[in-house]
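Hydrogens, waters and symmetry mates play no part in the numbers below; they use all other heavy atoms, side chains included.
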Number of protein chains: 2
Amino acid sequence: MPQPRPPLPALAAPARPLSATQVRILDLLSQAQRPLSAYDLLGKLRSEGVNAPPTVYRALERLMREGLAHRIESLNAFIACNMPHHHDLAAFAICDHCGTVAEVRDTDVEARLGHVAARSGFHVTKATVELHGHCAACSGKAHGHASARETGHTP
Amino acid sequence: MPQPRPPLPALAAPARPLSATQVRILDLLSQAQRPLSAYDLLGKLRSEGVNAPPTVYRALERLMREGLAHRIESLNAFIACNMPHHHDLAAFAICDHCGTVAEVRDTDVEARLGHVAARSGFHVTKATVELHGHCAACSGKAHGHASARETGHTP
DNA sequence: ATATCGGATGTTATATGTTATCATGCTTCT
DNA sequence: AGAAGCATGATAACATATAACATCCGATAT
Ligand SMILES: [Zn+2]
Ligand SMILES: [Zn+2]
Ligand SMILES: [Zn+2]
Ligand SMILES: [Zn+2]
């Protein structure tokens, strides 16, 4: 096999544009006030011809690879990244009352975590930081719970 | 209904002892080098008469309530707490190569997180902090992956 | 002792979340 | 046209988690 590599137009990276489904899903995530599960997404897409889980998961995979979406581990759900930045250290403040999720960044926390780990010879590649509690709006009031997951969901 | 409260022997807390199953599960978790999923546990307990998921989940619930075990959200698995202390803010360093999990505490990190949240009026009730990466032993060497989850599992 | 209550367990079935596999069609390069 | 690469579709399997209802048992209360 000759020709090790023809010039290659210009590219260098994953410049391939998002597919229709991928855009649609990112859109749904952006619209939503709260994280959506893969099934939530699937439900909303059924009417549009998407009817199998793998499609959704594949799209999510792509979006996360590109730093456009995040997975919330403690909820098994996904949100759009509000400030696409390619980072592995984002933190999330999840209100267990109203379900909203705020993406927060704090370099001090990042640094501290790095420190703590390094101190014991651990090399961090990815961190999951998820704070559960009550957001400003829900605090004070509303200590009776509505468990977030079933609030304002699927009519 | 009179008698607001008879003296009450001595108690103060949830002094009820763990059930046999609960002890057994805590034992299995302590023994294990790595987090075990609910189904891992169920597998190991089948020979002992436990044969349904709810039993396992219920026991785990109790153990976590008492601060004797933790759930690792990013793995859907559980570990014994190596220093029972009743805290909602523990951090875990998870080696994605050998699968070991170290429970680490750092009051500075805790404080920082509290700060960050408070700054935006968020009240934290529980934090999930899970660092993925490579432990000291696996670092440097072993960058070829074995994905941890399927290493040394169920022969 | 009898009634009662709460916690733990058993049993069954189901919901939710995730992945493997194979088939198909499209775009790009040769 | 043929080959390679990749996105999608479809079906099924697997993994994780909970609902609902019944039974059992030890601790209190009457
Ligand atoms: Zn982000
Ligand atoms: Zn809220
Ligand atoms: Zn602990
Ligand atoms: Zn390791």
Self-check item: Contact residues, residues 45-56 of chain A to DNA chain C [heavy atom, < 4.0 Å]
Solution: A/P53, A/P54

Please state how far atom [atom1] in [X] lies from atom [atom2] in [N], giving the value in whole angstrom units.
X     : N      : atom1 : atom2 : answer
B/R65 : C/dA8  : CZ    : P     : 6 Å
A/L18 : D/dA7  : CG    : P     : 11 Å
B/Q22 : C/dG10 : CD    : P     : 11 Å
A/F78 : C/dT16 : CZ    : P     : 16 Å
A/L63 : D/dA7  : CG    : C1'   : 14 Å
B/L75 : C/dG17 : CG    : P     : 18 Å
B/L42 : D/dT16 : CG    : P     : 11 Å
A/L60 : C/dT18 : CG    : P     : 9 Å

Quiz item: Taking the side chain of B/Y57 as heavy atoms from C-beta outward, which of D/dA17, C/dT18, C/dT9 is closest to it?
Solution: D/dA17

Quiz item: Which of these nucleotides, D/dA17, C/dT9, C/dT16, is closest to any side-chain atom of A/Y39?
Solution: C/dT16

Quiz prompt | A/H132 and A/S74: side chain donor to acceptor below 3.5 Å | solution = yes

Self-check item: Ring centre gap for A/F92 and A/H70 strictly below 6.0 Å
Solution: yes

Exercise. For the pair B/D106 and A/R119, find out whether any cationic side-chain nitrogen is under 4.0 Å from an anionic carboxylate oxygen.
Key: yes

State whether [X] places a side-chain N or O below 4.0 Å from either non-bridging phosphate oxygen (OP1 or OP2) of [N].
X     : N      : answer
A/S37 : C/dT16 : no
A/R71 : C/dG17 : no
A/T21 : D/dA7  : no

Quiz item: Under the 3.5 angstrom rule, does the side chain of B/E130 hit a backbone N or O of A/A127 as a donor-acceptor pair?
Solution: no

Quiz item: Does B/S19 offer a backbone N or O that forms a donor-acceptor pair with the side chain of B/Q22 under 3.5 Å?
Solution: yes

Exercise. Tell me, with the steps shown, if A/R71 and A/E73 meet salt bridge (Lys or Arg N to Asp or Glu O under 4.0 Å).
Key: CA-CA 6 Å; A/R71 174 189 175 86; A/E73 299 287 353; 3.1 Å; yes

Return a table of donor-acceptor pairs under 3.5 angstrom between the side chains of residues 23-31 of chain B and protein atoms on other chains or two or more places apart.
residue, atom, partner, partner atom, Å
B/R24, NE, B/E48, OE1, 2.8
B/R24, NE, B/E48, OE2, 3.2
B/R24, NH2, B/E48, OE2, 2.9
B/S30, OG, B/L26, O, 2.8

Quiz item: If you find the nucleotide of DNA chain D closest to A/R58 and the one closest to B/E61, which residue's nucleotide is nearer the 5' end?
Solution: A/R58

